[in-house]
Participant: 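Could you have a look at this structure, given as structure tokens, before my questions?
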Amino acid sequence: MEISLPTTVQFEVYIDPDRCGNSCVCIDLCSMGVFEKKDGSVYPWNSHLCCSCFKCNEFCPHHAISTRWILRA
Ligand code: SF4
Ligand code: SF4
């Protein structure tokens with residue numbers, strides 16, 4: 001009998017470093033604590049906690065945030 005791994009769906013958050021102005025708006029907006037500022041740059045360190053509310057995507061003043069579904073089979 002062949003056992004296959006379960007398919008999982010994850011949400012990935014990405015910040016374009018060329019667009020990001022380090023405003024920290026996303027840190028204040030995200031209720032899941034996805035974003036943190038380290039060494040002077042904001043990064044989505046906790047992307048796996050994202051609940052896909054799209055607030056960051058909508059309100060980033062530099063339109064630097066992309067969000068996407070990833071299907072792992
Ligand atoms: S809100 Fe946008 S510009 Fe501001 S730190 Fe986050 S990604 Fe960068
Ligand atoms: S989509 Fe919502 S939960 Fe996900 S990173 Fe953006 S603000 Fe946070």
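In listed order, ligands and their atoms are each counted from 1.
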Participant: Which residue and non-hydrogen atom of the protein lie closest to atom 2 (Fe) of ligand 2, and at what distance in Å?
Facilitator: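 Here the nearest protein heavy atom works out to Cys53 SG, 2.3 Å.
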
Participant: With heavy atoms of Met32 as the reference, note each atom of ligand 2 found under 4.0 Å away.
Facilitator: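 Answer, ordered by atom number: 3 (S).
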
Participant: Should Ile70 and Phe11 be counted in the same cluster of Ile, Leu, Val, Met, Phe, Trp and Tyr side chains packed under 4.5 Å apart?
Facilitator: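 Different clusters.
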
Participant: Salt bridge (charged side-chain N to carboxylate O under 4.0 Å, His left out): which pairs involve residues 10-29, sequence neighbours left out?
Facilitator: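 Sorted result for residues 10-29: Glu12-Arg68.
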
Participant: Starting from atom 4 (Fe) of ligand 2, what is the nearest protein heavy atom, named by residue and atom, and what distance separates them?
Facilitator: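 For atom 4 (Fe) of ligand 2, the nearest protein heavy atom is Cys50 SG, 2.3 Å.
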
Participant: Can you tell me how far the OG atom of Ser31 sits from the NZ atom of Lys55, to the nearest 0.5 Å?
Facilitator: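 The distance works out to 4.5 Å.
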
Participant: Within a distance under 4.0 Å of any heavy atom of Pro61, pick out the atoms of ligand 1 and give their elements.
Facilitator: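 Under 4.0 Å from Pro61, ligand 1 has these atoms: 1 (S).
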
Participant: Note the single closest protein heavy atom to atom 1 (S) of ligand 2, along with its residue, its atom name and the distance in Å.
Facilitator: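 Nearest protein contact, heavy atoms only, for atom 1 (S) of ligand 2 is Phe54 N, 3.1 Å.
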
Participant: Considering non-hydrogen atoms only, spot the tightest contact between Ala64 and Cys20 and give its length.
Facilitator: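 Answer, listing the atom of Ala64 first, then Cys20: CB-N, 3.7 Å.
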
Participant: Which count of protein N, O or S atoms is obtained for distances strictly below 2.8 Å from atom 6 (Fe) of ligand 1?
Facilitator: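 My tally for this metal is 1.
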
Participant: Below 6.0 angstrom between ring centroids: does that apply to Tyr43 and Tyr14?
Facilitator: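 Ring centres of Tyr14 and Tyr43 not closer than 6.0 Å.
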
Participant: Just to confirm my output: which protein heavy-atom neighbour is closest to atom 8 (Fe) of ligand 2, and how far is it?
Facilitator: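 Scanning the protein heavy atoms, the shortest distance from atom 8 (Fe) of ligand 2 goes to Cys30 SG, 2.4 Å.
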
Participant: Taking the side chain as every heavy atom from C-beta outward, state whether Pro61 and Ser23 have any atom pair closer than 4.5 Å.
Facilitator: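 Yes, side chains in contact.
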
Participant: Tell me whether Val13 shares a hydrophobic cluster with Ile27, the cluster being built from Ile, Leu, Val, Met, Phe, Trp, Tyr side chains joined at under 4.5 Å.
Facilitator: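 Yes.
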
Participant: Quick one: look up the protein heavy atom nearest atom 3 (S) of ligand 2 and list residue, atom name and how far away it is.
Facilitator: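 The closest heavy atom on the protein side is Cys51 N, 3.5 Å.
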
Participant: For side-chain contact (heavy atoms from CB on, under 4.5 Å), just list the numbers for Glu36 and Asn46, CA-CA rounded to whole Å, side-chain angles, deciding distance to a tenth of an Å, and then say yes or no.
Facilitator: CA-CA 8 Å; Glu36 284 180 39; Asn46 300 312; 3.2 Å; yes

Participant: For Val34, counting its heavy atoms only, list the atoms of ligand 2 lying under 4.0 Å from any of them.
Facilitator: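 That gives atoms 5 (S) of ligand 2.
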
Participant: Would you name the heavy atoms of Asn57 and Thr67 that are closest together and state the gap between them?
Facilitator: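 Taking Asn57 first and Thr67 second, the nearest heavy atoms are ND2-OG1, 3.4 Å.
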
Participant: Do the side chains of Leu49 and Phe35 join up, straight or via other hydrophobic residues, at under 4.5 Å, putting them in one cluster?
Facilitator: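 In one cluster with Leu49: Phe35, yes.
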
